[in-house]
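Worth saying up front: this structure is predicted, and the values here are computed from it rather than measured. Computed from heavy atoms alone, side chains included, the values below leave out hydrogens, waters and symmetry copies.
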Amino acid sequence: MSRSRLVPGAEVVPVPGRGLALRTPEGEFFTIRTGNAREDALLALLTGAAEAPADDELERLVRAFEDAGHLATARPHTRGPPHAGTSGSSATRC
C-alpha cells in the first residue's frame, strides 16, 4: 500500500484541459506547471507509489512541493545538492 507524501488535506487533482492542480488543506487550488515532466510520474511520486524522481525535472517539481511546505515527510535527495534548481515557482493559483 502506498502512502501519500503530501501534507494531510492536500491533494493533487487532474483538471480537464488544464493539467494538474494542487488543492491545499485550506481549500485553495494551484495550477502545477509540470514542464517536461510526465504528470503520471509526478503523481506516482506524490502518492508514494514511486520512491525517487526519475529525472531532473521531476526532482525540481518534488523540491518545489517540499520548499512550499506541501510534503508531509522529508525524503532523501537523489540528485545534486539540496535545493539546487528550485528558482521560480512551479505552481500558480488557479
Side-chain angles (χ1 to χ4, degrees):
M1 181 174 166
S2 62
R3 183 173 172 228
S4 176
R5 293 173 56 189
L6 297 170
V7 295
E11 184 176 8
V12 174
V13 296
V15 179
R18 294 187 66 183
L20 298 176
L22 169 71
R23 183 185 50 78
T24 69
E26 295 79 24
E28 293 182 284
F29 283 86
F30 294 93
T31 298
I32 302 169
R33 296 184 302 221
T34 58
N36 294 325
R38 290 184 14 233
E39 290 180 1
D40 61 331
L42 177 61
L43 284 171
L45 285 168
L46 296 176
T47 61
E51 293 276 330
D55 59 40
D56 290 335
E57 189 69 8
L58 285 171
E59 177 73 13
R60 179 188 67 80
L61 289 166
V62 172
R63 284 186 180 168
F65 273 82
E66 184 175 54
D67 291 347
H70 299 300
L71 291 187
T73 58
R75 59 170 183 73
H77 291 287
T78 57
R79 299 180 185 269
H83 302 90
T86 58
S87 62
S89 174
S90 293
T92 55
R93 188 166 287 167
C94 292

Distance (rounded to the nearest 0.5 Å) between Asn36 CG and Leu58 CG: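 One finds 10.5 Å between CG of Asn36 and CG of Leu58.
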
Please name the pair of heavy atoms, one in [X] and one in [Y], separated by the smallest distance, quoted to 0.1 Å.
X: Pro8; Y: Pro25; answer: O-CG, 3.3 Å
X: Ile32; Y: Leu42; answer: CG2-CD2, 4.1 Å
X: Glu59; Y: Pro53; answer: OE1-CG, 3.0 Å
X: Glu51; Y: Arg5; answer: O-NH1, 4.0 Å

Phe65 and His70 aromatic ring geometry - parallel, tilted or perpendicular at 30°/60° bounds: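 Plane angle over 60°, so perpendicular.
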
Check: Thr31 and Val15 side chains under 4.5 Å, non-hydrogen atoms: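 Contact flag for Val15/Thr31 side chains = no.
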
Stepwise side chain to side chain contact (heavy atoms under 4.5 Å, CB included) check, Leu6 with Leu71: CA-CA 4 Å; Leu6 297 170; Leu71 291 187; 4.1 Å; yes

Option among Glu39, Arg60, Glu57 that satisfies the side chain to side chain contact (heavy atoms under 4.5 Å, CB included) test with Thr34: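 In the set Glu39, Arg60, Glu57, the residue that makes a side chain to side chain contact (heavy atoms under 4.5 Å, CB included) with Thr34 is Glu39.
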
